[in-house]
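Some notes on the structure that comes next.
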Amino acid sequence: MNASLLDALRVQDEPYYVPVAGEVGLFEAAYATRLPVMLKGPTGCGKTRFVEHMAWRLSRPLITIACNEELSAADLLGQYLLADGNTRWQDGPLTIAARFGAICYLDEVVEARQDTLVVIHPLTDDRRLLSLPARSEAFRVHPDFELVVSHNPGYQSALKNLKPSTKQRFGAIEFGYPERSTEIEILIHETALARPMAERLVSIAEATRRLKGHELDEGVSTRMLVHAGALIGKGVEVEAACQMALVCPLTDDPELTQALLASVRACL
Amino acid sequence: MNSALKDGEFAPGARAFVRALWGIGMRISPLPANAASAANTRARFLGSQLWLPSTLPPGVSADGVQLAAAAHAAAHLRFSGARFLPRGLKPVQVALISLFEDARVERLACQEYPGLFRLWAPFFELQAPGTRTSDALLARLAFSLHTGTSDPDSWVNEARQRFFACDAPLCDPNFVRELGGRLGNELGQMRLPFAARDYVVTPAYRDDHFGVWQFELENAAEGAELELKSAGSRAAAADVSALRNRSSTSPDANGTASAFAVPDRAEPEHAASPAFSYPEWDYVIACERAAFCTLRERAAPRVDPERLDASVRGYAGTRRRLLRAASRLAEEQRVHQRRLTSGSRLDLRAAIASLLPLERQAGAPRVYRRTRFRREPPALLVLLDCSESLNVVPRGSAFSALELARRASALLGSTLDALSRDWAIHGFNSNGRKDVGYFRFKDFGEPYDDQARARLAAMRAGLSTRLGTALRHAGQALHARRATRKVLIVVSDGEPSDVDVHDPDYLAFDARRATRVNRQRGVTSFCIGLGSSAENCIRTIFGNRHFLTIDRLERLPEQLSRLSLRFAG
């Protein structure tokens with residue numbers, strides 16, 4: 001692994017992030033003690049943006065892994081490949097981060113299978129050790145290495161959860177959608193919308209969030225609002241933009257679509 | 001992301017809409033046609049219960065009027081204070097105060113959600129000035145208050161100006177009462193008759209004002225005047241109680257159990273079905289009697305589901321353990337795939353083999369392996385014995401076997417629902433071979449919602465236990481499911497019996513036969529015995545490893561774990 005690849009993984013420009021409740025300080029303190037951090041919160045509320053922002057702030061390279069059910073320990077740690085009739089070892093992203101001192105971010109960690117995640121256990125306690133059984137290798141991780149995971153405790157089914165032994169290795173920061181005024185500021189910054197329009201979009205999001213746990217698993221997220229704002233910025237008519245970016249992605253049910261469209265119209 | 005509107009629910013979109021606007025959880029039911037005169041085409045609300053007319057005014061789309069009516073009623077809930085007292089008011093004053101109140105809450109709603117103005121606007125139409133009747137003036141005033149425009153009629157114009165010129169803040173409902181009272185007097189002095197009985201609120205989406213007024217129904221003297229006083233509502237007191245009886249979820253119904261127990265005949269879901277004929281096994285002649293028994297599916301009555309929820313509220317720990325046990329039922333199956341051209345792991349043995357000259361010619365080296373996971377919860381049917389003997393309180397239990405079965409099903413239900421939709425709770429009883437009854441409390445694919453829980457809460461026990469016929473019908477239902485694993489869990493208190501059978505072994509052997517036939521068709525049966533009075537008989541029917549007993553609900557998780565282990569084996 002050479003320095004150029006790691007440099008490519010560095011976040012060059014400051015990612016825009018508005019702190020909501022002291023999370024920047026908490027993360028810095030956790031990083032200072034190399035406490036692994038878990039980010040909890042609904043989808044599209046800014047968890048990933050926050051990690052990028054922190055990687056930039058701490059000037060560490062960032063390796064992001066989107067977790068899914070098929071993710072295996074080999075995908076994280078590395079595996080032998082065949083080349084020219086011989087086997088060749090290829091480090092996985094987690095191993096690279098641990099060797100060279102990057103921040104490794106496992107996005108939507110509960111989507112990975114519980115037994116896959118057990119490979120992070122020796123990494124995340126005071127041993128800070130990574131073992132590669134397939135290679136008969138174990139090494140102490142780089143002092144700058146930090147593990148960050150995120151998950152959304154809201155809609156995942158009862159079956160999807162972390163093992164207590166995994167959970168307890170982390171310090172957790174809880175995220176929510178930003179307050180109305182903050183969300184309006186974010187929207188104006190990200191989409192250059194005029195303030196009255198940004199206020200209306202946030203009202204729509206607030207209306208849909210009241211349906212959480214009833215008709216919807218999740219309401220409109222800040223990310224979806226940014227999408228809608230971007231479409232409006234491209235000259236799309238407001239109601240059509242909201243339908244495309246806010247209503248249609250949320251539901252397939254015709255009755256609920258009607259209700260959401262009526263809510264959009266009520267806010268405009 | 002999936003959305004969850006309950007199947008078969010009335011106006012689910014309107015319900016979602018008012019929740020989105022103000023976070024109000026409204027119950028919406030169709031207004032029964034017989035609740036008032038046939039001409040009743042206006043919505044009505046009482047607390048958070050809203051009834052929407054099933055007959056629509058001409059030229060109006062169902063979606064539009066339902067959303068408009070629900071938003072209007074929700075605006076009342078959001079902005080109307082305590083209900084007005086009609087004491088000492090003339091009908092025309094009641095109508096006017098209601099009209100001003102409508103305008104007031106709509107203006108407040110539009111301040112918050114400006115787009116609501118456009119939702120309501122299409123229902124207003126300006127009528128050409130014609131005969132000067134009080135109804136026509138009220139309609140013109142409603143229009144004028146909505147649009148804020150002036151009206152050629154001097155009285156309407158004056159009323160509008162006074163409404164908008166009022167110093168009192170819009171959020172204070174008292175000023176409309178005062179204003180309506182005074183203008184009502186003036187209308188009376190104009191000698192325009194007002195026929196409360198024939199008055200219909202305009203525009204069409206607005207409710208009949210019943211929920212805005214506190215009519216004292218208990219008071220007989222007042223009740224007699226009600227028809228006059230509730231100018232817009234045209235509803236008699238009896239009407240309301242009819243509504244309450246019908247809507248099993250009315251929040252104001254004083255918890256009257258008697259009213260709830262009325263079977264809901266208006267909705268034909270799960271109504272009596274055609275007869276199903278099933279054979280019965282006669283162990284004496286070792287032969288099946290073809291088409292010997294007749295089974296009919298019957299509508300399961302409903303009561304307030306809250307009673308069921310309350311009864312299982314204290315079992316949080318049990319529920320948690322149950323979830324863990326039940327998730328084992330849906331456990332993933334590991335599938336190892338080897339000798340692949342690509343995969344997550346190198347299969348070293350295959351890799352070495354691939355270097356051999358013979359293997360090398362076979363194209364791309366198949367040297368990878370991969371582990372895949374297949375998760376498939378079984379289709380599950382819980383079949384409840386609803387016979388008379390369930391009314392007995394088993395030894396060591398605090399309540400009847402029926403109640404035990406009900407609570408166990410409720411706990412199991414909330415657990416299973418987290419795992420899949422492919423499960424059902426059915427029940428049966430019998431009254432001779434020609435009359436086996438079968439109930440679907442919760443069917444496959446249905447959500448475990450208020451309706452299902454209302455049916456479960458209303459479950460009663462009576463008559464006999466012709467188990468074999470019920471097993472055949474349940475097996476049939478499971479057989480139609482697409483899942484590879486199909487599990488039938490029978491919850492019963494003991495041996496089968498019926499009024500026309502005297503040999504105690506006859507029905508048990510028939511049930512054993514039915515279980516075996518089901519197994520041949522891929523349906524595995526288990527029995528949960530309530531109490532342990534007839535253990536031997538149940539053992540005979542289901543087999544040793546397919547049977548367990550519970551006497552206390554707390555034991556359900558452990559027993560279910562044991563059962564799922566046996567199931568896996």
Side-chain angles (χ1 to χ4, degrees), chain A residues 43 69-75 79-82 85-90 92 113-116 134 154-155 157-161 200 203-204 206-220 239 249-268, chain B residues 1-6 9 11-25 63-64 66-68 70-71 109-110 112-119 323-324 326-327 330-332 343-346 348 351-352 354-355 360 365 367-368 370-373 375 377 415 417-420:
Chain A
T43 180
E69 216 175 36
E70 300 283 299
L71 187 80
S72 65
D75 294 330
Q79 60 187 319
Y80 280 106
L81 302 175
L82 275 190
N86 286 314
T87 58
R88 186 173 64 81
W89 174 260
Q90 170 70 54
R113 297 178 36 76
Q114 295 188 357
D115 42 3
T116 301
Y155 64 88
S157 80
L159 279 180
K160 281 188 177 163
N161 205 343
R200 286 176 197 171
S203 296
I204 294 171
E206 286 172 340
T208 61
R209 287 171 198 166
R210 292 188 193 108
L211 300 181
K212 180 177 176 172
H214 297 278
E215 288 83 1
L216 288 176
D217 291 327
E218 291 282 357
V220 164
E239 205 177 304
L250 273 189
T251 180
D252 308 319
D253 184 293
E255 294 260 19
L256 190 52
T257 303
Q258 284 301 320
L260 291 176
L261 281 176
S263 310
V264 166
R265 287 186 198 119
C267 293
L268 295 176
Chain B
M1 220 178 281
N2 64 336
S3 56
L5 288 187
K6 291 168 182 176
E9 197 188 358
R15 199 186 55 142
F17 184 42
V18 298
R19 197 194 300 284
L21 291 178
W22 290 296
I24 297 171
D63 277 347
Q66 285 181 351
L67 291 174
C110 287
E112 216 168 303
Y113 292 107
L116 287 179
F117 183 83
R118 289 193 303 279
L119 173 70
L323 185 59
R324 232 171 293 143
S327 59
E331 196 117 273
E332 298 165 343
S344 59
R345 305 283 301 267
L346 185 63
L348 264 185
I352 293 163
S354 77
L355 300 176
R360 273 186 145 162
V367 294
Y368 288 97
R370 185 194 295 150
T371 312
R372 292 208 166 269
F373 300 90
R375 178 186 293 150
T415 310
D417 216 44
L419 304 176
S420 99

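Every chain is numbered from 1 and lettered A, B, ... according to where its sequence line falls, protein lines coming before strand lines.
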Can you say whether B:L67 sits under 4.5 Å from chain A via the side chain, the backbone, both, or neither, judging by heavy atoms?
side chain
Go through the atoms of B:R118 and report whether side chain, backbone, both or neither lie under 4.5 Å from a heavy atom of chain A.
side chain
Between chain B and each of A:A207, A:A259, A:A266, count heavy-atom pairs under 4.5 Å; write down the option with the most.
A:A266
Contacting region of A:S72 [heavy-atom separation from chain B under 4.5 Å]
side chain
Do side-chain atoms of A:R113 reach the backbone of A:L71 as a donor and acceptor pair under 3.5 angstrom?
no
Return the set of residues passing ring-ring contact (aromatic ring centres under 6.0 Å, His included) with B:Y368 (not counting sequence neighbours), or none when no residue passes.
none
The criterion is side-chain hydrogen bond (donor to acceptor under 3.5 Å, both in side chains); which residues satisfy it with A:R200, sequence neighbours excluded?
none
Got A:L216 and A:L256 here, is their nearest side-chain heavy-atom distance under 4.5 Å?
yes
